[in-house]
Amino acid sequence: MVTKSLPLAKAINEALRAALESDPKVLLMGEDIGKLGGVFRVTDGLQKDFGESRVMDSPLAESGIVGTAIGLALRGYRPVVEIQFDGFVFPAYDQIVTQLAKMHARSQGKVRLPVVIRIPYGGGIGAVEHHSESPEALFAHVAGLKIVSPSTPSDAYWMLRQAIQSDDPVIFFEPKRRYWDKGEVTVPDSGSAAGDAVPGELHKARVAREGTDLTLAAYGPMVKVCLQAAAAAEEEGRSIEVVDLRSVSPIDFDTVQASVEKTGRLVVVHEAPVFFGSGAEIAARITERCFHHLEAPVLRVGGYHAPYPPARLEEEYLPGLDRVLDAVDRSSAY
């Protein structure tokens, strides 16, 4: 095994490279992913090394990208497609929820569609309209889709490798404002099997920080904020546990439950709007499972029920350290 310090974006690039090398049926498609290497340079160098027949620049047509991927999957390929920005996915929403998500059930298990849809999502980069949204709950509501989001370079590498190997469609939400955050990634070298280094199951949550007084549960871009909040709370004598959910559908409720049974309090944090967000499902399930363990209601922190604002206002919109700590204070006051 080899351990490298990589930005999250480079970890994704290496995961795609490893998948292309190990399986000739893996194909990449997306707008500007080839010669340009993607608008965030996540796919930089892949077309040069693997050719235009495996790393394909597509037309500006998201429904065509996903529709083509479905056809390729039906013919035995494992397409990995990129939606350039979160807000651009909606022209393909019909293809995703009526075809990609349903084919396995419609065929009574005879047809599988191993398609990965990569979507850079979330704010924090000062972008214009439709470039900073968090639509994960819209897809998590649809049976037949798996929804995951890494928070670290290591998870970005291994979760993408696992997603590509999955026989089910996976939507891989990439926290774009974490693309340049570095972390250690252990990857197999030429003499090692990939399975030897896999850190855990694709849909298994992890405890990112141990604590005893309250649980913060988050995924993707908000995990870093929650870890910062836990560090700040420690200075005030509070011990905060941070659970990185990693997967939005399915959700590893068992890990969250075990944490809440220990701490008695839960705050769920995500960048998407609180209203009808994934935090609502987590709050409801944990209230059912942990009613007699809870010392306070489950609280939620997230974006507002409003269109994503212009760049000058996004810091007011995004849940940050102060809003998380405010929720910690409110929960602790019960």
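The structure presented is a predicted model; accordingly, all values stated were derived computationally and were not measured.
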Any donor-acceptor pair under 3.5 Å from Thr43 side chain to Ile33 backbone: yes
Consider only side-chain heavy atoms of I, L, V, M, F, W and Y, link residues closer than 4.5 Å, and tell whether Phe276 and Val269 are in one cluster. no
Going by salt bridge (Lys or Arg N to Asp or Glu O under 4.0 Å), name the pairs with one or both residues in residues 49-73, residues two or more places apart or in two chains. Arg17-Asp49, Lys35-Glu52
Suppose we screen for salt bridge (charged side-chain N to carboxylate O under 4.0 Å, His left out). Which residues come up paired with Arg209, at least two apart in sequence or across chains? Glu234
Using only atom types and a distance under 3.5 Å, with no angle test, would you say the side chain of Lys102 pairs donor to acceptor with the backbone of Val97? yes
Here the gap from Ile171 atom CD1 to Leu100 atom CG, rounded to the nearest 0.5 Å, amounts to 7.5 Å
Determine, for Asp155 against Arg206, whether the closest basic-nitrogen to carboxylate-oxygen distance falls under 4.0 angstrom. yes
Among Val89, Ile83, Ile70, Leu138, exactly one meets side-chain contact (heavy atoms from CB on, under 4.5 Å) together with Ile96. Which residue is that? Val89
Taken in chain and number order and not counting sequence neighbours, the residues that satisfy side-chain hydrogen bond (donor to acceptor under 3.5 Å, both in side chains) with Ser22 are none
Between CG on residue Leu245 and OG on residue Ser278, distance to nearest 0.5 Å: 8.0 Å
Flag yes if Val55 and Leu72 sit in one hydrophobic cluster, no otherwise; membership is Ile, Leu, Val, Met, Phe, Trp, Tyr, and two members link when side-chain heavy atoms are under 4.5 Å apart. yes
Co-members of Tyr304 in a cluster of I, L, V, M, F, W and Y side chains, linked at under 4.5 Å: Tyr308, Tyr317, Leu318
Return yes if a side-chain donor-acceptor contact under 3.5 Å exists between Tyr121 and Glu174, otherwise no. no
Looking at Phe90, Phe173, Phe40, which hits ring-ring contact (aromatic ring centres under 6.0 Å, His included) with Phe85? Phe40
Can you name the closest pair of heavy atoms from Gly144 and Pro169 and give their distance? O-CG, 3.3 Å
Residue pairs meeting side chain to side chain donor-acceptor pair (under 3.5 Å), one or both in residues 70-93, sequence neighbours left out, come to Asp32-Gln84, Arg78-Asp167, Glu82-Arg118, Asp86-Lys176
Quick check for you: to the nearest 0.5 Å, what is the distance between Phe172 atom CZ and Ile12 atom CD1? 5.5 Å
Report yes or no: do Gln99 and Arg106 form a side-chain donor-acceptor pair below 3.5 Å? yes
I'd like to know if the side chain of Asp44 and the backbone of Gly37 have a donor-acceptor N/O pair within less than 3.5 Å. no
Under a 4.0 Å threshold between the charged nitrogen and the carboxylate oxygen, would Arg265 count as salt-bridged to Asp213? no
Please confirm whether the backbone N or O of Gly279 pairs with a side-chain atom of His270, one donor and one acceptor, at under 3.5 Å? yes
Charged N to carboxylate O below 4.0 Å: is that the case for Lys4 and Glu14? yes
Would the distance check show the side chain of His131 and the main-chain N or O of Glu129 forming a donor-acceptor pair, the cut-off being under 3.5 Å? yes
Tell me yes or no: between the side chains of Glu241 and Ser259, is some donor less than 3.5 Å from an acceptor? yes
Pairs in or reaching into residues 300-321: which pass salt bridge (Lys or Arg N to Asp or Glu O under 4.0 Å), with residues at least two apart or in two chains? none
State plainly whether one hydrophobic cluster holds both Val242 and Ile282, where clusters connect Ile, Leu, Val, Met, Phe, Trp and Tyr through side-chain heavy atoms under 4.5 angstrom apart. no
So which of Asp329, Thr212, Leu214 actually passes side-chain contact (heavy atoms from CB on, under 4.5 Å) with Arg238? Asp329
What is the distance from atom NE2 of His293 to atom CD1 of Ile286, rounded to the nearest 0.5 Å? 11.0 Å
